[in-house]
Amino acid sequence: MGQKIRVIILLLILATVVQQTWLEKSSLSWKDNFYVAVYPVNVDNSSKVSDYLRTLTRDDFEPVAEYFASEAEPYHLGLRRPIEVQLGAQVTDIPPAPPNDGSALSTIVWSLKFRYFAWRHSPKVNVKPAIRLYLLYYDPVTNPRLSHSTALNKGRIGRVNLFGDSSYAKQNLVILSHELLHTLNATDKYDLATSMPIYPDGFAEPDKSPRYPQSLAELMGGRVPISENKAEIPKSLKRTLIGEKTAREIGWLK
């Protein structure tokens, strides 16, 4: 009897995974827009960051929705606003950090822990979100360098490291949008060792002559290539675009 129960439980888990995978793939047909919930987290319990988070409103994230609307226009999706961003309540707990060793087993365990965290820490917003991003805000004075953010397309959740200071607001939206695309199957298009965009897919203007300097960053390339060995972090979404390979990965281009 015990063995039969275990088999039934495993079959139910498998059916759930298969169903979710099917739903995630079918939703990339873009018949409907994606609602995104962003949940601020004061990682350091900093009073300065706390003051900043109290100023946040939905309007602070509106440029993300406008950006995706603008970038989607050439692909004729038939959606005026493919992405809608909702600001949720602050979350006091910190989502689990990805493993340092990068082993497959550790990554799987972390993924399950993160998905369980998201299930438990999803304050209600007006519309049930398809994507949940946990915005981990740091004080730039005590944490001048941010570690890499991480997002999963399975479960469509993200752990986004940002600076809790108004002077970084526009740059924060670049990072947020990059991770949002990861939840929609987009891949990184930069060298993990050097952070340099990979030619041609990581370049906003791959056909430009001369190739350098570029004037924009491909969003998943992460930086604006200035020379063969130098690239700059874009200061706002206005200095980025979504390239053809990324558009194909997220279902905008067939």
Could you list the donor-acceptor pairs under 3.5 angstrom formed between side-chain atoms of residues 88-99 and any protein atom two or more places apart in sequence or on another chain?
| residue | atom | partner | partner atom | Å |
| --- | --- | --- | --- | --- |
| Asp93 | OD2 | His121 | NE2 | 2.9 |

Can you give the donor-acceptor pairs under 3.5 Å from side chains of residues 141-150 to other protein atoms, not counting sequence neighbours?
| residue | atom | partner | partner atom | Å |
| --- | --- | --- | --- | --- |
| Thr142 | OG1 | Asp139 | O | 3.4 |
| Asn143 | ND2 | Asp44 | OD2 | 3.1 |
| Ser147 | OG | Asn161 | ND2 | 3.1 |
| Ser149 | OG | Asn161 | N | 2.8 |

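For Tyr190, there are no ring-ring contact (aromatic ring centres under 6.0 Å, His included) partners, not counting sequence neighbours. Listed by chain and residue number, Tyr134 satisfy the ring-ring contact (aromatic ring centres under 6.0 Å, His included) test with Tyr39 (two or more places apart in sequence, or in another chain). Legend: residues meeting salt bridge (charged side-chain N to carboxylate O under 4.0 Å, His left out) with Arg211, ordered by chain and number and at least two apart, are absent. For Glu244, the salt bridge (charged side-chain N to carboxylate O under 4.0 Å, His left out) test picks out no residue, with sequence neighbours left out. A search for salt bridge (charged side-chain N to carboxylate O under 4.0 Å, His left out) contacts involving Asp51 returns Arg54, not counting sequence neighbours.
You'll find the side chain of Lys48 reaches within 4.5 Å of the side chain of Asp165, heavy atoms only. Considering only heavy atoms from C-beta on, Val125 stays 4.5 Å or farther from Val127 through its side chain. Residues Thr107 and Asp101 have side chains not in contact (no heavy-atom distance under 4.5 Å, counting atoms from C-beta outward). At least one side-chain heavy atom of Leu181 sits under 4.5 Å from a side-chain heavy atom of Ile242. A 4.5 Å side-chain heavy-atom check between Tyr137 and Asn42 finds every atom pair outside the cut-off. Phe117 has its side chain out of reach of Ile157: every pair of non-hydrogen atoms, C-beta onward, lies at least 4.5 Å apart. Proximity of Val160 to Leu180: side-chain heavy atoms (C-beta onward) are nowhere separated by under 4.5 Å. Side-chain contact between Arg156 and Leu184 is present, with heavy atoms from C-beta onward closer than 4.5 Å.
Using a 4.5 Å cut-off between side-chain heavy atoms of Ile, Leu, Val, Met, Phe, Trp and Tyr, with links allowed through other members, Leu87 and Leu176 fall into the same hydrophobic cluster. In the hydrophobic clustering of this structure, Leu173 groups with Leu53; members are Ile, Leu, Val, Met, Phe, Trp, Tyr whose side-chain heavy atoms approach within less than 4.5 Å, directly or through other members. Under the 4.5 Å side-chain heavy-atom criterion for Ile, Leu, Val, Met, Phe, Trp and Tyr, Val224 and Val174 are members of distinct hydrophobic clusters.
The ring pair (Phe, Tyr, Trp, His ring centres under 6.0 Å) analysis of residues 65-86, with sequence neighbours excluded, yields the pairs Tyr75-Trp252. Judged as a ring pair (Phe, Tyr, Trp, His ring centres under 6.0 Å), the pairs with a partner in residues 89-111 (not counting sequence neighbours) are, in order, Trp110-Phe114. Counting only residues at least two apart or in different chains, side-chain hydrogen bond (donor to acceptor under 3.5 Å, both in side chains) contacts with residues 212-222 comprise Glu205-Ser215, Glu218-Thr246. Sorted by first and then second residue, the side-chain hydrogen bond (donor to acceptor under 3.5 Å, both in side chains) pairs with a member in residues 220-239 form an empty list; sequence neighbours excluded. Listed by first and then second residue, the side-chain hydrogen bond (donor to acceptor under 3.5 Å, both in side chains) pairs involving residues 169-180 are His178-His182, His178-Asp188 (not counting sequence neighbours).
Note: Asn153 CG to Ile131 CD1 = 10.5 Å, rounded to the nearest 0.5 Å. To the nearest 0.5 angstrom, Glu71 atom CD is 9.0 Å from Leu237 atom CG. Interatomic distance, CZ of Phe61 versus CD of Glu84, reported as 14.5 Å (0.5 Å rounding).
Using modelled atom types, no side-chain atom of Trp30 and backbone atom of Gly78 make a donor-acceptor pair closer than 3.5 Å.
Between Tyr168 and Phe163, the ring planes lie tilted relative to each other; the angle falls in the 30° to 60° range.
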